[in-house]
Protein chains: 2
Amino acid sequence: MLKMATQADAAAQPRAPLSRERVLSTAVALADEGGVDALSMRKIAQALGVVPMALYKHVANKNELLDGMIDVLVGEIDPPAGDADWKTVIRRRVLSARRMLLRHPWASEVIESRTKARATPTPAVMEYLDSMIGIFRAGGFSVDLVHHAMHVMGSRLLGFSQELFEDASGREPDPDALPPEEMAARYPHITELAMAVAHDEESVVGSGCDDQFEFEFALDLTLDGLERLLGTT
Amino acid sequence: MLKMATQADAAAQPRAPLSRERVLSTAVALADEGGVDALSMRKIAQALGVVPMALYKHVANKNELLDGMIDVLVGEIDPPAGDADWKTVIRRRVLSARRMLLRHPWASEVIESRTKARATPTPAVMEYLDSMIGIFRAGGFSVDLVHHAMHVMGSRLLGFSQELFEDASGREPDPDALPPEEMAARYPHITELAMAVAHDEESVVGSGCDDQFEFEFALDLTLDGLERLLGTT
DNA sequence: GACCATAGGTGTACGCCGTACACCCGTCAA
DNA sequence: TTGACGGGTGTACGGCGTACACCTATGGTC
């Protein structure tokens with residue numbers, strides 16, 4: 001009796017019924033606040049008030065869970081907007097994808113690693129890419145040209161992220177960082193660049209350079225290049 | 001006596017003295033053949049004929065080991081070559097970096113994740129970037145313009161790798177892959193593109209599209225864009 | 001109403017991981 | 001001779017993913 005009562009209470013109050021979506025969204029939330037490395041099945045279960053093995057009734061294993069998380073993220077990207085020309089539609093969509101990636105800093109890493117481990121990207125990613133191709137095609141790109149375009153947009157030419165001066169502030173003062181004069185001696189060009197940038201934007205708080213501006217600059221340079229190609233065909 | 005003899009034998013024959021470099025290079029070798037996910041301190045130790053904790057006399061912990069591995073890889077990139085103009089020097093260097101990344105498919109993932117976790121990239125990466133900037137500067141780029149250029153080269157505009165059609169062959173025949181007609185219905189544009197590409201290159205074995213060609217196409221498009229910018233300043 | 005298949009949550013247990021900590025031994029400077 | 005020390009060892013701990021057996025409430029069938 002008593003037992004039944006407490007069970008009923010527990011069931012009524014804190015126990016939403018658990019589902020694949022609930023698992024995925026709390027996983028995303030946990031990753032957002034603690035990073036993917038700190039994400040474990042056990043912690044997800046705990047956050048849901050459930051025993052770890054319960055999760056396996058809704059996702060096959062951790063990799064499949066990561067795939068599901070990717071699909072959640074891709075779902076956050078705005079659908080292609082309206083009837084503008086290809087350039088602005090692509091531009092908006094890419095910027096929307098970027099906003100998503102900034103909201104979930106762990107995203108690019110897991111997309112990278114999961115995509116390499118699978119035979120094919122997850123369905124949501126496929127759909128995203130498909131619609132992207134569709135925009136180019138509707139804009140008059142030949143099949144060949146859109147193939148090139150996808151490679152251009154998907155490649156990172158430098159193998160390494162450009163996030164060099166990303167929030168020098170905001171971290172605890174790293175003990176084994178080089179003193180500035182050593183920096184200047186060892187990496188003269190980086191130093192020159194960093195100083196110029198910092199000076200340029202001395203009014204701006206936070207990161208030494210306006211990443212959003214730089215990203216859009218890169219995007220526009222590339223889209224202009226593609227447009228020129230389109231014109232000459 | 002006997003014990004000393006066997007010890008001497010063991011010491012003489014299979015026991016090179018162990019060093020940071022030996023640890024790093026066997027770690028790289030193991031990652032090459034089994035992927036980073038399968039790389040563990042215990043396996044590295046085993047490969048070196050040593051107990052796991054022995055490694056910690058040469059690397060502080062696993063993250064620091066990964067950082068060291070990155071530096072090994074970056075060291076494989078050819079130094080800037082000769083006295084050609086900036087465009088060909090950059091081009092050669094980027095292609096050399098790409099060759100390194102293709103030799104070590106796990107590299108981009110660990111560089112990505114480690115760079116995000118550190119206050120600053122590893123020294124070898126810094127040096128690479130510094131010399132890259134130096135090439136642009138020597139080619140007449142203003143500080144501002146080289147800043148833009150680094151962002152252009154370092155950004156991936158699509159958040160997702162373009163490795164869509166990467167070796168459809170060469171994998172075991174994935175059980176839950178969609179049948180072709182379903183593919184065509186759900187992802188019409190991808191299908192169109194894939195078929196066109198496959199047809200184009202039907203003589204070529206392996207991957208449906210020539211990734212090297214596409215990469216160079218993207219690189220040249222970008223470098224041309226930068227050159228145009230340089231001209232108009 | 002009796003029955004039983006099934007879906008979904010539980011508990012236990014295994015093997016692997018990174019690594020803290022105490023130890024031990026050979027080398028070499030004083 | 002001694003004693004510090006660099007480098008390899010052994011043990012142990014807590015956390016991980018997950019296989020497997022179990023329990024229980026639900027709902028369809030006779």
Side-chain angles (χ1 to χ4, degrees), chain A residues 1-27 30-31 34-69 106 110 113-114 117-118, chain B residues 1-24 26-27 30-31 34-69 106 110 113-114 117:
Chain A
M1 272 304 182
L2 188 85
K3 193 181 168 205
M4 286 192 61
T6 53
Q7 274 189 344
D9 283 1
Q13 211 150 347
R15 276 316 229 338
L18 200 55
S19 68
R20 184 176 164 90
E21 281 99 49
R22 253 165 59 74
V23 171
L24 292 181
S25 66
T26 63
L30 284 179
V36 248
D37 292 349
L39 185 71
S40 74
M41 296 304 256
R42 287 165 145 97
K43 291 207 188 113
I44 299 168
Q46 191 177 17
L48 288 164
V50 111
V51 89
M53 286 310 292
L55 304 178
Y56 288 84
K57 290 281 152 66
H58 302 275
V59 298
N61 51 51
K62 195 179 180 182
N63 280 338
E64 209 259 341
L65 173 115
L66 290 172
D67 290 345
M69 292 170 68
W106 46 274
V110 0
S113 72
R114 284 306 302 148
R118 291 172 53 96
Chain B
M1 273 304 184
L2 188 85
K3 190 179 167 208
M4 285 192 61
T6 53
Q7 275 189 345
D9 283 2
Q13 211 148 349
R15 274 321 226 335
L18 202 54
S19 68
R20 185 176 164 91
E21 280 104 52
R22 255 164 59 74
V23 171
L24 293 181
T26 64
L30 284 179
V36 246
D37 291 350
L39 186 70
S40 74
M41 296 304 258
R42 286 167 145 94
K43 292 206 187 116
I44 300 168
Q46 191 177 16
L48 287 163
V50 113
V51 89
M53 286 309 293
L55 304 178
Y56 288 84
K57 290 282 155 66
H58 301 274
V59 297
N61 52 50
K62 195 179 182 182
N63 280 338
E64 208 258 339
L65 173 118
L66 290 173
D67 290 345
M69 292 169 70
W106 47 274
V110 359
S113 72
R114 285 305 304 148

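Naming convention: chains lettered A, B, ... in sequence-line order (proteins, then strands); numbering from 1 in each chain.
- One interatomic measurement links the two molecules: CE of A:Met53 to P of D:dA19, which rounds to 7 Å at whole-angstrom precision.
- Interatomic distance, A:Leu55 CG to A:Leu65 CG, rounded to the nearest 0.5 Å: 8.0 Å.
- Regarding B:Arg20, its CZ atom lies at a distance of 15 Å from the P atom of D:dG8, rounded to whole Å.
- At whole-Å resolution of the value, CG in A:Asp37 and P in D:dC16 are 12 Å apart.
- Taking 4.0 angstrom as the limit, A:Lys43 places none of its side-chain polar atoms (N or O) nearer than this to OP1 or OP2 of D:dG15.
- Going from atom CD of B:Glu64 over to atom P of C:dG18 covers 15 Å, rounded to whole Å.
- The side chain of B:Met41 lies closest to C:dG18 when the candidates are C:dG18, D:dT18, D:dG10.
- As a whole-Å value, the separation of A:His58 NE2 from C:dT10 P is 10 Å.
- Using a distance-only test at 3.5 Å, with no hydrogens or angles considered, a donor-acceptor pair links the side chain of B:Lys43 to the main chain of B:Ala38.
- For B:Tyr56, the side-chain atoms get nearest to C:dG18 when compared with the rest of C:dG18, D:dG8, D:dC16.
- Of the listed nucleotides (C:dG9, C:dT19, C:dC17), C:dC17 has the atom at the smallest distance from the side chain of B:Ser40.
- For the pair A:Leu55 CG and D:dC16 P, the interatomic distance rounds to 13 Å; values are reported in whole Å.
- Taking for each of B:Ala60 and B:Lys57 the nucleotide of DNA chain C with the nearest heavy atom, the 5'-most of the two is the partner of B:Ala60.
- If you take CZ of A:Arg42 and P of D:dG15, they are 9 Å apart, rounded to a whole angstrom.
- Counting all heavy atoms, side chain and backbone alike, A:Arg118 lies closest to A:Asp67 at NH1-OD2, 2.8 Å.
- Atom OG in B:Ser40 sits 7.5 Å away from atom CZ in B:Arg42 (nearest 0.5 Å).
- Between the CG atom of B:Asn61 and the C1' atom of C:dA20 there is a distance of 12 Å, rounded to whole Å.
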